[in-house]
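Below: the structure, in structure tokens.
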Amino acid sequence: MISKIKENLNCMDYCQIFGISTINGRGHSLAGGNNPTCLFVQSDFWYDFKLQTGGDVIDLCATHMFDSDKAQAIHFLADYLGIEESYKTHEWKDYMQGLGNSIFYWNQQLTDQHYAYLEKRRIHKEYADEIKIGFNGSRLVIPYWNFGGYYPYYCTRAWASDDDVKYKKMKKDEYNEHIIWGLQTLSNPVETKLLVLAEGAFDAMSWAQEKYNVVSPITGHFNKEQLKMFIKIAKRYDKVLVVFDNDKAGNGFTLKMAKILFENKIKFDIGHVPETGKYKDVNDFYADGNDLSDLIENAENGVKEMCLNIDDKNEFKSFVYRCSRYIAREEIAEIFDYIYKEEKFNKSWLDIVK
């Protein structure tokens, strides 16, 4: 039913139908006020900077009409759209209440041994309880918080040393929502113009504990819907910092996300954990007492980093031409200076392309 609502009504349509005035996707906060750009609306995502909440069209309806009660919003929109399954809104509400109760229960099952393990990774007890990390009897539970203040999803992480499956996803059903992890951080006060894209759960939690805006796929990669949501979120920030693991898989994820950010004209830097042999990922670096701001300060321009991964002349030439469409001349010049120094291509040939 939720998917049917989204298929038949998007956020911009909702605003037009139900009287929320926007100009070029911006408008006044749903809470009122004089700022005409406080509300950000696109087809499948919205965010209210004053209320510090957002989400999909159902979340919009819930915030606009029903004091954030998503069950009432589902019922209302299903009736409005003529979707006959509206009676299931009560089942959805019961489901989410039950899931929330389970997450709170699992959090209460954490023992001193679990907290000691988390502290070893520099995730403090206070923060673990704040985001409701839990233990379900065999694995650690990592909940996903959604706008509206509920938990629609969780994944689990291996606890026993002989467990070969690092992460397990929650089994998908008609009620849960496999959203992006980190939505609770999007109003964090540190580096408000920067969004961090992290790889694993403990990397993301490291950034979040330090009050950075951070999102993560946690379980390997973004699915199609998560990727669309990530792009919408990322466009609200001045820059994205991509910082994944120091291994082959991490490098592959970095390049994949760099291409997606570039194609969507989103500025980004690429961060690197120091390759000393001591640190595999951000959490290793953080747990050793280091400051995460060092990774930001030492990050490289994302487009320059992409250039280093291009070995074919024709591919590089095509890439530079694409850059020139929306990157300032000064930045293009910096890219060529960078490539000249790296000596990836013949200088005479670069002079002609430039």
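All figures in this text were calculated on a predicted structure; none of them were measured in a lab.
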Task: Test applied, ring-ring contact (aromatic ring centres under 6.0 Å, His included); reference residue, F230; option that passes from W181, F222, F268 - done: F222
Open item on the list: Going by the rule ring pair (Phe, Tyr, Trp, His ring centres under 6.0 Å), which residues pair with F76 if we only count those two or more places apart in sequence or in a different chain?
Closed with: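 Ring pair (Phe, Tyr, Trp, His ring centres under 6.0 Å) list for F76, sorted by chain: F18, F66.
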TODO: Mind checking side chain to side chain donor-acceptor pair (under 3.5 Å) for D284 and listing every partner two or more places apart, or none if nothing turns up?
DONE: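 D284 satisfies side chain to side chain donor-acceptor pair (under 3.5 Å) with no other residue.
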Open item on the list: For S206, give me all partners under side chain to side chain donor-acceptor pair (under 3.5 Å), at least two apart in sequence or on another chain.
Closed with: N283
Atom pairs and distances, donor-acceptor, side-chain atoms in residues 252-259, under 3.5 Å, two or more places apart:
unit_1, atom_1, unit_2, atom_2, d
T254, OG1, G250, O, 2.9

Is there a donor-acceptor pair under 3.5 Å between the side chain of [X] and the backbone N or O of [Y]?
X    : Y    : value
N264 : I266 : no
Y154 : G134 : no
N35  : S29  : no
S216 : E199 : yes
Q209 : R122 : yes

Open item on the list: Please enumerate all residues that pass side-chain contact (heavy atoms from CB on, under 4.5 Å) together with Q16, with sequence neighbours excluded.
Closed with: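 Q16 satisfies side-chain contact (heavy atoms from CB on, under 4.5 Å) with no residue once adjacent residues are dropped.
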Open item on the list: According to side-chain contact (heavy atoms from CB on, under 4.5 Å), who are the partners of N251, at least two apart in sequence or on a separate chain?
Closed with: none
- [ ] State, without any angle test, whether Y150 and K70 hold a side-chain donor-acceptor pair at a distance under 3.5 Å.
- [x] yes
Open item on the list: Does either side chain, that of Y115 or that of D129, offer a donor lying less than 3.5 Å from an acceptor on the other one?
Closed with: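 Indeed, the side chains of Y115 and D129 share at least one donor-acceptor pair under 3.5 Å.
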Open item on the list: Applying salt bridge (Lys or Arg N to Asp or Glu O under 4.0 Å) to K6 and E225, what does each step give before you reach the verdict?
Closed with: CA-CA 12 Å; K6 294 180 183 179; E225 290 302 313; over 6 Å; no
TODO: Test salt bridge (Lys or Arg N to Asp or Glu O under 4.0 Å) on D247 and K280 and set out the steps.
DONE: CA-CA 7 Å; D247 57 18; K280 175 182 178 291; 3.4 Å; yes
Task: Within-4.5 Å side-chain heavy-atom neighbours: K193 and Y237 - done: no
